[in-house]
Amino acid sequence: QVQLVESGGGLVQSGGSLRLSCAASESILDNYAIAWFRQAPGLEREGISCVSSTDGSTYYAHSVKGRFTITRDISKSTAFLEMNSLKLEDTGVYYCAARQGRCANVGGVPIGVAYNLWGQGTQVTVSS
């Protein structure tokens, strides 16, 4: 089965930036949409962004729109999440997930149950 591996998390000050990577073990990005989710302690998992396989369309949750950018490098089977102007409330474990075809969103927000491949997560901690 295809594996997804996230990296790039860490500790950053409020207002800072991080770039997360999601590397797939096989060349799937031309057929699979990649989404990013996050989960803060005590809170439910939140979908934040997605890039579709078909035309590269991107979607963002309102909470990150204008600050986060999702991209992909199909040749490297890797997707990225560039996170700028980080806030304390961006703290959490960030997961990438994949599904065949287009993003599965509601109002631009990826829906977790529609994605069948998941990474193990990477911790992002934003400090004041």
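For the single chain, residues carry numbers from 1 onward in sequence order. On a predicted model such as this, the values are computed, not experimentally measured, just so you know.
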Exercise. Applying side chain to side chain donor-acceptor pair (under 3.5 Å), run through Ser63 and Glu89 and close with a yes or a no.
Key: CA-CA 10 Å; Ser63 59; Glu89 54 264 41; over 6 Å; no

Self-check item: Hydrophobic cluster identity match, Trp36 and Val109, side-chain contacts under 4.5 Å
Solution: no

Practice problem: Would you confirm whether Arg99, through its side chain, and Ala114, through its main-chain N or O, come within 3.5 Å as a donor-acceptor pair? | Solution: yes

Practice problem: Give a yes or no on whether Phe80 and Tyr60 share a hydrophobic cluster (residues Ile, Leu, Val, Met, Phe, Trp, Tyr; joining criterion: side-chain heavy atoms under 4.5 Å apart). | Solution: no

Quiz item: Within the distance-only criterion (no hydrogens, no angle test), does the side chain of Asp73 pair as donor or acceptor with the backbone N or O of Ser75 below 3.5 angstrom?
Solution: yes

Quiz item: Is there a donor-acceptor pair closer than 3.5 Å between any side-chain N or O of Thr78 and the backbone N or O of Ala23?
Solution: no

Self-check item: Separation of Gln3 CD from Ile28 CD1 (nearest 0.5 Å)
Solution: 10.5 Å

Practice problem: Taking Arg72 for its side chain and Val51 for its backbone only, find out whether a donor-acceptor pair lies under 3.5 Å. | Solution: no

Quiz item: Looking at OG1 of Thr54 and CZ of Arg102, how far apart are the two atoms once the value is rounded to the nearest 0.5 Å?
Solution: 4.0 Å

Practice problem: Flag the pair Arg67 / Lys87 as yes when at least one side-chain heavy-atom distance between them is below 4.5 Å, and no otherwise. | Solution: yes

Self-check item: Of all pairs that satisfy disulfide (SG to SG under 2.5 Å), the ones with a partner from residues 26-97, not counting sequence neighbours
Solution: Cys22-Cys96, Cys50-Cys103

Quiz item: Tell me, do Leu117 and Gln1 make a side-chain contact under 4.5 Å, heavy atoms counted?
Solution: yes

Quiz prompt | Glu6 and Gln120: CA distance, side-chain angles, deciding distance, side chain to side chain contact (heavy atoms under 4.5 Å, CB included) verdict | solution = CA-CA 7 Å; Glu6 303 95 335; Gln120 83 291 347; 2.9 Å; yes

Quiz item: How far apart are the closest heavy atoms of Ser77 and Ser27, and which atoms are they?
Solution: OG-CA, 3.1 Å

Quiz item: Going from OG1 on Thr125 to CG on Leu88, what distance comes out if it is rounded to the nearest 0.5 angstrom?
Solution: 11.0 Å

Practice problem: Would you please classify the geometry between the Tyr95 ring and the Trp118 ring as parallel, tilted or perpendicular, with 30° and 60° separating the classes? | Solution: perpendicular

Self-check item: From Ile48, Leu20, Thr58, Leu18, residue fulfilling side chain to side chain contact (heavy atoms under 4.5 Å, CB included) relative to Phe68
Solution: Ile48

Self-check item: Contact summary for Ala98 and Ile34, nearest pair of heavy atoms
Solution: CB-CD1, 3.7 Å

Self-check item: Where Gly9 and Thr122 come nearest, the two heavy atoms and their spacing
Solution: N-OG1, 3.2 Å

Practice problem: Please say which of Val93, Val124, Val64, Thr91 ends up in a side chain to side chain contact (heavy atoms under 4.5 Å, CB included) with Arg38. | Solution: Val64

Quiz item: Are Val2 and Val5 joined in one hydrophobic group, where the rule is that I, L, V, M, F, W and Y side chains link up if heavy atoms are under 4.5 Å apart?
Solution: no

Self-check item: Side-chain heavy atoms of Ser17 within contact of Val12, under 4.5 Å
Solution: no

Quiz item: Are Ile111 and Tyr32 connected in a single hydrophobic cluster, I mean Ile/Leu/Val/Met/Phe/Trp/Tyr linked by side-chain heavy atoms less than 4.5 Å apart?
Solution: no

Exercise. Indicate yes or no for a side-chain donor-acceptor contact from Ser49 to the backbone of Tyr59 under 3.5 Å, with no hydrogens or angles considered.
Key: yes

Quiz item: For Gln39, does its backbone N or O pair with a side-chain atom of Arg45 as donor and acceptor, under 3.5 Å?
Solution: no

Quiz item: Would you call the rings of Phe37 and Tyr115 parallel, tilted or perpendicular, where under 30° means parallel and over 60° means perpendicular?
Solution: perpendicular

Self-check item: Check: Ser53 side chain, Gly101 main-chain N or O, donor-acceptor pair, under 3.5 Å
Solution: yes

